[in-house]
Amino acid sequence: MPDAFPTRPPAATTTPPHPGGPDRAGGNGALHADAVAVLTGWTPTGPEAAGARDRTLDLLADGPAALTRHHLPGHLTASALILDAAGERVLLCLHGKLHRWVQLGGHCEPGDETLAGAALREATEESGIPGLVIDPVPIDVDIHPVRCQGGSLHHDVRFAVFAPPGAVGQVSDESEALGWFPTGRLPEPLAGGTAQLVAPALAAHARRSR
């Protein structure tokens, strides 16, 4: 049985949302510029990721508004696959709305200045683990339908994040459970697109360990 944390323990806490709310991220020109630069210079990890990257750059041509959930054609999000220090397990959450195991992540917020920073913030808030380290090079870009504003698309830019030795997580209010799973034995039901993150995340871990 993989190590799993109890569902919503009383001690679990989350970082309060930014007073302006995520919808005001559209005024964040710095984050928009970073997203364009990162995706333009990125070497995709596969043909599907390449197509998603190109569609996301097209979306970003609409300006910083493409960072907000009010942008009905779609909006950017950032997520992270967290690996343990040994690179043997990944940390996944049982999403409170999807009821599927998925990597940690979410919407961009006004204080985010980089995509990697947004992914690291989300990973820290949703795992409760201090001292996480992110590889600033994306490992995937995925586009999938969501219910935001009655129906939209998430253009999710995904990163590898590394936990310190002995890291213990806490379940956030957005999750039903949190658990470490062997990289070769992921849980079910699993969200689409999560399994494809393991190989590039392990490659990033190997580069970091050299």
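Computation of the quantities below employed the complete heavy-atom set of this structure, encompassing side-chain atoms and omitting hydrogens, waters and symmetry-equivalent molecules.
Leu120 places none of its side-chain heavy atoms less than 4.5 Å from the side chain of Val133. Side-chain contact between Glu88 and Thr183: absent, with no pair of heavy atoms (C-beta onward) separated by less than 4.5 Å.
Take Thr45 and apply the side chain to side chain donor-acceptor pair (under 3.5 Å) test, not counting sequence neighbours, and it matches no residue. Taking the side chain to side chain contact (heavy atoms under 4.5 Å, CB included) definition, one finds that Ala206 meets it with nothing, sequence neighbours left out. For Ala163, the side chain to side chain contact (heavy atoms under 4.5 Å, CB included) test picks out Ile82, Leu132, Ala167, Trp180, with sequence neighbours left out. Every residue two or more places apart in sequence or in another chain was checked for a side chain to side chain donor-acceptor pair (under 3.5 Å) with His32, and none qualifies. In this structure Val102 satisfies the side chain to side chain contact (heavy atoms under 4.5 Å, CB included) test together with Cys93, His95, Ala191, Thr194, sequence neighbours excluded. For the side chain to side chain donor-acceptor pair (under 3.5 Å) test, no residue two or more places apart in sequence or in another chain qualifies with Asp54. Under the side chain to side chain donor-acceptor pair (under 3.5 Å) criterion, Ser127 pairs with no residue at all, not counting sequence neighbours.
Side-chain atoms of Ser152 do not come within 3.5 Å of backbone N or O of Val146 as any donor-acceptor pair. Judged purely by atom type and a 3.5 angstrom limit, Ser175 has no side-chain atom pairing as donor or acceptor with the backbone of Leu178. Within the 3.5 Å criterion, the main-chain N or O of Trp42 finds a donor-acceptor partner in the side chain of Arg53.
For the atom pair CG (Leu67) and CG (Leu76), the distance works out to 6.0 Å, reported to the nearest 0.5 Å.
Screening residues 112-123 for salt bridge (charged side-chain N to carboxylate O under 4.0 Å, His left out) gives Glu109-Arg121, Asp112-Arg121, Arg121-Glu125 as the qualifying pairs, with residues at least two apart or on separate chains. The stretch residues 110-140 participates, sequence neighbours left out, in no ring pair (Phe, Tyr, Trp, His ring centres under 6.0 Å) pair at all. Sequence neighbours left out, the pairs with a member in residues 186-210 that pass ring pair (Phe, Tyr, Trp, His ring centres under 6.0 Å) are Phe162-His205. For residues 134-145, every residue pair satisfying the salt bridge (charged side-chain N to carboxylate O under 4.0 Å, His left out) rule, not counting sequence neighbours, is listed here: Asp135-Arg207, Asp140-Arg158, Asp142-Arg158.
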Checklist entry - Hey, mind stepping through Cys108 and Asn28 against side-chain contact (heavy atoms from CB on, under 4.5 Å) and telling me if it holds? => result CA-CA 10 Å; Cys108 299; Asn28 194 337; over 6 Å; no
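Residues His107 and His75 bring their aromatic ring centres within 6.0 Å. Centroid-to-centroid, the aromatic rings of His155 and His144 stay 6.0 Å apart or farther.
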Pairs of donor and acceptor atoms involving the side chains of residues 33-41, under 3.5 Å and at least two apart or interchain, shall be tabulated with distances.
from  : atom 1 : to     : atom 2 : distance (Å)
Asp34 : OD2    : Leu115 : N      : 2.8
Thr40 : OG1    : Val36  : O      : 2.6

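Residue-environment remark: CD (Glu48) stays at or below the threshold of 12 foreign heavy atoms within 6.0 Å.
Under the 4.5 Å side-chain heavy-atom criterion for ILVMFWY residues, a single connected hydrophobic cluster contains both Trp101 and Leu202. Connection of Leu197 to Phe181 is established within a shared hydrophobic cluster, with ILVMFWY side chains joined at heavy-atom distances below 4.5 Å, either directly or through further cluster members. At a threshold of 4.5 Å between side-chain heavy atoms, the hydrophobic network of Ile, Leu, Val, Met, Phe, Trp and Tyr places Leu190 and Val90 in one connected group.
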